[in-house]
**Student:** 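Sending over a structure as structure tokens; questions will come in a sec.
Owing to the predicted nature of the structure, the values given are computational and were not obtained by experimental measurement.
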Amino acid sequence: MDANDRRKKSVLSQINWKWVCTITVLSFLISVSMSYISSEALGNVGNILAFVILFIFIAIGILFDIIGMAATSATEKEFHSMASRKVSGAKEAVWLSRNASKVSSLCNDVVGDISGIISGATGALIVARLTSGMDILPALLTSLTITGLIAALTIGGKAIGKGFGIGYSVKIVFAVGKILSILPIRFDKK
């Protein structure tokens, strides 16, 4: 076995395959759920509510991007004294900080990317509705405008959110920890 083969084997052994499988299945389930909710909601509403649904999906992507960024920026030491005093949400905040790479992967990659995909699909449905019966040029301009708006809001929102996530990382992680403390999930393990 040459040095290149040993390096490849070394890299592959460092991959957490259980996490890869878990996140892949989870992303499939979240994507199917969000897509179903989007298509069901859009089938029964007018254009204004369709835009509201679109903006909700964009906001979900931005919010989870902020949470993922905050988790990678905060350190668990900020929450240890609160956890020792049994402050609600502190133990969960320690867990979020300790597992920042997984939290970031789930928030930024899974929920954030799925929200982007769903908002694009939602935008396409809105475009199809609005441009039905239009001439080619107005339909094209409408399509380009809505697509550009979705991209600009998503990218601009995430750019603002990253700074917010870094600047207020402790407060954000603690707030998410408080929300998680209500859920019937245990966060004692690594």
Side-chain angles (χ1 to χ4, degrees), residues 19 23-24 26-75 78-79 89 92-93 95-131 139-183:
W19 172 247
I23 205 72
T24 301
L26 188 61
S27 64
F28 175 78
L29 295 173
I30 291 171
S31 178
V32 167
S33 300
M34 288 177 71
S35 183
Y36 176 76
I37 291 167
S38 171
S39 62
E40 284 297 309
L42 288 173
N44 302 320
V45 299
N47 290 336
I48 293 174
L49 276 175
F51 274 102
V52 170
I53 292 167
L54 170 64
F55 294 133
I56 288 171
F57 281 114
I58 292 170
I60 288 170
I62 294 168
L63 175 65
F64 275 84
D65 201 61
I66 291 169
I67 294 168
M69 185 57 64
T72 58
S73 298
T75 60
E78 288 127 345
F79 306 109
E92 291 78 7
W95 185 91
L96 289 166
S97 298
R98 187 175 288 162
N99 294 281
S101 65
K102 290 180 180 178
V103 172
S104 176
S105 180
L106 179 68
C107 291
N108 299 87
D109 301 332
V110 176
V111 178
D113 291 352
I114 290 170
S115 294
I117 292 164
I118 300 297
S119 64
T122 302
L125 288 171
I126 292 170
V127 166
R129 275 188 188 178
L130 292 176
T131 59
L140 178 64
L141 291 175
T142 302
S143 175
L144 292 174
T145 301
I146 291 174
T147 303
L149 179 66
I150 292 169
L153 289 174
T154 301
I155 294 167
K158 287 186 176 193
I160 292 168
K162 285 188 188 329
F164 189 73
I166 292 169
Y168 295 97
S169 61
V170 173
K171 290 181 180 182
I172 293 167
V173 170
F174 184 58
V176 173
K178 280 188 163 214
I179 292 168
L180 292 176
S181 71
I182 298 168
L183 301 176

**Student:** Working to the nearest 0.5 Å, report the span between CG of L26 and CD1 of I30.
**Tutor:** 4.0 Å

**Student:** For T24, is there any backbone N or O sitting under 3.5 Å from a side-chain donor or acceptor partner on S27?
**Tutor:** yes

**Student:** Just how far is it from atom CD1 of I53 to atom CD of E40, taken to the nearest 0.5 Å?
**Tutor:** 11.0 Å

**Student:** How about L130 and I146: do any of their side-chain heavy atoms sit closer than 4.5 Å?
**Tutor:** yes

**Student:** Determine yes or no for a side-chain-to-main-chain donor-acceptor pair under 3.5 angstrom, with S35 supplying the side chain and V32 the backbone.
**Tutor:** no

**Student:** One pair to check against side-chain contact (heavy atoms from CB on, under 4.5 Å): S31 and I117. What are the steps and the verdict?
**Tutor:** CA-CA 9 Å; S31 178; I117 292 164; 5.8 Å; no

**Student:** Output the distance between atom CZ (F51) and atom CD1 (I56), rounded to the nearest 0.5 Å.
**Tutor:** 13.5 Å

**Student:** Under 3.5 Å, is there a donor-acceptor pair between the side chain of S143 and the main chain of A139?
**Tutor:** no

**Student:** Look up atom CG in N108 and atom OG in S101, then write down how far apart they are to the nearest 0.5 Å.
**Tutor:**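 Between N108 CG and S101 OG, I get 11.5 Å after rounding to 0.5 Å.
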
**Student:** Would you check if the side chain of S119 reaches a backbone N or O of S115 as a donor-acceptor pair within less than 3.5 Å?
**Tutor:**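 At least one qualifying donor-acceptor pair exists.
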
**Student:** Which heavy atom of A93 sits nearest a heavy atom of F174, and at what distance?
**Tutor:** CB-CA, 4.2 Å

**Student:** So does T75 get a backbone contact from the side chain of E78, meaning a donor-acceptor N/O pair under 3.5 Å?
**Tutor:**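 Checking the backbone N and O of T75 against the side chain of E78, a donor-acceptor pair under 3.5 Å is found.
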
**Student:** Would I60 and I118 count as a side-chain contact (heavy atoms from CB on, under 4.5 Å) if you check the C-alpha gap in whole Å, the side-chain angles of each, and the deciding distance to 0.1 Å?
**Tutor:** CA-CA 11 Å; I60 288 170; I118 300 297; over 6 Å; no

**Student:** Where do A50 and T122 come nearest, in terms of heavy atoms and distance?
**Tutor:**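 Heavy atoms only, the tightest pair is O-CG2, 4.3 Å.
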
**Student:** Can you see which heavy atom on M69 is nearest to which on K162, and at what distance?
**Tutor:** CG-O, 3.7 Å

**Student:** Have a look at C107 and tell me which of I67, T72, D65 forms a side chain to side chain contact (heavy atoms under 4.5 Å, CB included) with it.
**Tutor:** I67

**Student:** For the residue pair G112 and K158, what are the closest heavy atoms and their distance?
**Tutor:** O-NZ, 3.8 Å

**Student:** What distance do L54 atom CG and L42 atom CG have between them, rounded to the nearest 0.5 Å?
**Tutor:** 8.5 Å

**Student:** For a 4.5 angstrom cut-off between non-hydrogen side-chain atoms, does V52 reach F55?
**Tutor:** no

**Student:** Does any part of the side chain of V110, heavy atoms only, come nearer than 4.5 Å to the side chain of F64, both counted from C-beta?
**Tutor:** no

**Student:** Please report the interatomic distance CG(L106) to CH2(W19), rounded to the nearest 0.5 Å.
**Tutor:** 5.5 Å

**Student:** Which heavy atom in V127 sits nearest to a heavy atom in T131, and how many Å separate them?
**Tutor:**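 Residues V127 and T131, closest heavy atoms: O-OG1, 2.6 Å.
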
**Student:** Can you tell if the side chain of L180 reaches within under 4.5 Å of the side chain of L183, non-hydrogen atoms only?
**Tutor:**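 Yes, their side chains come closer than 4.5 Å.
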
**Student:** Please find the pair of heavy atoms, one from I172 and one from F164, that lie closest to each other, and give the distance.
**Tutor:** CD1-O, 3.7 Å

**Student:** Verify the neighbour count for atom OH of Y168: are there more than 12 heavy atoms of other residues, nucleotides or ligands below 6.0 Å?
**Tutor:** no

